[in-house]
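Working notes, structure below.
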Amino acid sequence: MGGGTLEGVHTVLTVAGSLDAESVRERERAAPRWVWADTRAVYPALVRAGVRLARCHDLTLTEALLLAHDGRYGEAHSAQAAFARLHGLPVPETGDGPAAKQDTLFEPERTELGAAELAEVHADQRRRIAALPEPGRFRLLVAAESAGALLAAEMAHDGMPWRRDAHDELLTELLGPRPVHGMRPARLQALADEVAAAFGHPVNPDSPQQLVKAFKGAGLQIGSTRSWEIKKLGHPAAAPLLAYKELARLHSFHGWTWADQWVRDGRFRPEYVVAGVVSGRWATSGGGALQIPKVMRKVVVADDGWALIVADAAQLEPRVLAAMAGDAGLAEAAGEIDLYSALAASFGGERENAKLAMLSAMYGGTGGDAAKVLAVMRQRFPQAYRFVEDAAKAGEDGKVVRSWLGRTSPPPSGHWRELVSGPEGARAARDRGRFTRNFVVQATAAEWALALLAVLRGRLPEPARLVFFQHDEVMVHCPLDLVEEVAAAVAASAAEATRLLFGSTPVRFPMEAVAVSRYSDAK
DNA sequence: CACTATCGCGCC
DNA sequence: AAATGGCGCGATAGTG
């Protein structure tokens, strides 16, 4: 593999149907860009056969990006649908519904299009991209998104190291021995009993309704059973209830049943969904890989003689904002390793205040001291401030916004348009403004991360493997003697991702890699 | 019975 | 302290 995954001209091989691993391996030697309808339908079988490909163009993912850019978010975007539109034929409603998903997961390649038709779709997509205001950026987006699709299939195959024995030990320590199916573990039952005893009558701690009623019976009015609200109560049921909630979640989300389903042969293999989130972040369709509780990270252990290289981009979103907005002052602060401290210095205030101002600007926060620190932000970093304000205004006005590389936010729904002209209109507008304000930053941060992944994937020495990716964090599993080489590859990839997106910018994107045996030792 | 909505909380 | 964005997921409770 090597560089050039995202840039440059390559031989184009348009392929349809299921592919023979041997001939694919042979043709890969010319370093082509593989063009196919849907990576999910083609690549997993190749990966199982031991094939790894450097680059591809995923027609389905690209079609979704192009349609959204054209204000047609959410329309059917399969290669077949694209071909039908191109020829004025009825568009098959394959879309992304649950049924379509089932097909791609369990059926072999079912595309009715041959290589020639796919080549037509590809040529059409290239024309449409060339006609965009920023074709170079969009090409980068398409290449990175497609590389992500390759990687998602590879990570699903390779899996993250997961020690089943350590997991079982941890669960037993926290919950008691594994209960027979459908029963509460002993520790959970004991806590549930304590809660009931504190109320003086049976209460199901899993039922918010029953809890609200029980507290009401005890003379305590609560608006919800969120833990911060429970915490404020002096009631004797509060402590065991909070303990119950925490452990019950662990049991139901990452307990024994979860492990039975998702951990095999010492590996956790989640199903990643590339661009599953509107902002371009990945989602998962099972296994909850993006919500692994911190307490569980001690069971993620490198194989003997191997290490986990864990790296996350520090304060990625504010740095992305600094680079996009071209705000000289903010960019200067973002040239430091600890952005918030640099911000505080330039603010003339506390680090915490600087952080709050930054997050409020990006998320649309207004609570607490947000308004006060935002005023300072507006004065000190006017360009950055205006950048997110413009995005918010566009959202309030019902317009779409775009990321740096051209990913487009969903247009407002019909429901929203009704709401906005009704009595609650101002609120609906503000809500959407917060969404678009955040979209431009979150989506661009996702693009930076995607570019990093694509570059890093191409730079990893064999047999190192990317085994986990979570928004702004990556994990590589590699033999101990490759630790330094992999860590250097991570740093170089971060620099390359920055160059690819922003060219020369004073903004730094620190991504320090640490080598550990256990994931929990990484932070 | 199957399906959907709501709640609440884990992660970023 | 609780009027910041994005998600997935499971249990309960309500609906057809």
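This structure is a prediction, so every number in the text was calculated from the model and none was measured. Reckoned from all heavy atoms, side chains included, excluding hydrogens, waters and symmetry mates. Residue numbering restarts at 1 for every chain, and letters A, B, ... go by the order of the sequence lines.
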Distance-only criterion, 3.5 Å: show the donor-acceptor pairs between side-chain atoms of residues 384-391 of chain A and protein atoms not counting sequence neighbours.
from	atom 1	to	atom 2	distance (Å)
Glu389(A)	OE2	Arg437(A)	NH1	3.3
Glu389(A)	OE2	Arg437(A)	NH2	3.0

Just how far, in rounded Å, is [atom2] of [N] from [atom1] of [X]?
X: Phe439(A); N: dC7(C); atom1: CZ; atom2: P; value: 10 Å
X: Leu356(A); N: dA1(C); atom1: CG; atom2: P; value: 13 Å
X: Arg430(A); N: dG5(C); atom1: CZ; atom2: C1'; value: 15 Å
X: Tyr272(A); N: dC7(C); atom1: OH; atom2: C1'; value: 14 Å
X: His471(A); N: dG5(C); atom1: NE2; atom2: P; value: 16 Å

Scan [X] against the nucleic acid and name what it touches under 4.0 Å (heavy atoms): base, sugar-phosphate only, or nothing.
X: Gln442(A); value: base
X: Leu316(A); value: nothing
X: Arg297(A); value: sugar-phosphate
X: Val441(A); value: nothing

*Near-ring test His477(A)/Phe468(A), centroid separation under 6.0 angstrom*: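 No, the ring of Phe468(A) stays outside the 6.0 Å limit from the ring of His477(A), centre to centre.
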_Ring centroid separation His167(A) to Trp258(A) under 6.0 Å_ = yes
*Have a look at Glu154(A) and tell me which of Arg269(A), Arg457(A), Arg465(A) forms a salt bridge (Lys or Arg N to Asp or Glu O under 4.0 Å) with it.*
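It is Arg457(A); the other options fail the test.
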*Identify, with sequence neighbours excluded, every residue that meets ring pair (Phe, Tyr, Trp, His ring centres under 6.0 Å) alongside Trp448(A).*
Phe509(A)
_Straight-line distance of Asp472(A) CG to Arg281(A) CZ, nearest 0.5 Å_ =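 Output value for this atom pair is 7.5 Å.
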_Working to the nearest 0.5 angstrom, can you tell me the gap between Ser224(A) OG and Ile222(A) CD1?_
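Here the rounded value is 7.0 Å.
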*Does anyone know the first and last nucleotide of DNA chain B in reach of chain A, 5' to 3', at under 4.0 angstrom to a heavy atom?*
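Reading along DNA chain B, I get dC7(B) to dC12(B).
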_Please determine whether a side-chain nitrogen or oxygen atom of Arg434(A) lies at a distance below 4.0 Å from atom OP1 or OP2 of dG5(C)._
yes
Anything under 3.5 Å between a protein N or O and an N or O of nucleotides 9-13 of chain C, put it in a table, one pair a line.
from	atom 1	to	atom 2	distance (Å)
dC9(C)	OP1	Gly286(A)	N	2.8
dC9(C)	OP1	Gly287(A)	N	3.4
dT12(C)	OP1	Asn204(A)	ND2	3.4
dA13(C)	OP1	Ser207(A)	OG	2.7
dA13(C)	O3'	Gln209(A)	NE2	3.3

*Nearest-nucleotide 5' precedence on DNA chain C, Leu359(A) against Gly276(A)*: Leu359(A)
*Answer with yes or no whether the side chains of Thr39(A) and Asp58(A) bring together a donor and an acceptor at under 3.5 Å.*
yes
*Is there a donor in the side chain of Asn204(A) and an acceptor in the side chain of Gln209(A), or the other way round, less than 3.5 Å apart?*
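There is no such pair (donor and acceptor under 3.5 Å, judged by atom type) between the side chains of Asn204(A) and Gln209(A).
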*Side chain to side chain, Pro270(A) and Met160(A), heavy atoms closer than 4.5 Å*: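 They are not in contact (no side-chain heavy atoms under 4.5 Å apart), so the answer is no.
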_Tell me which residues in residues 220-235 of chain A lie within less than 4.0 Å of DNA chain B, going by non-hydrogen atoms._
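Heavy-atom contacts with DNA chain B come from Ser224(A), Thr225(A), Arg226(A), Ser227(A).
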*Of all pairs that satisfy side-chain hydrogen bond (donor to acceptor under 3.5 Å, both in side chains), the ones with a partner from residues 239-253 of chain A, not counting sequence neighbours*: Arg184(A)-Tyr244(A), Asp206(A)-Tyr244(A)
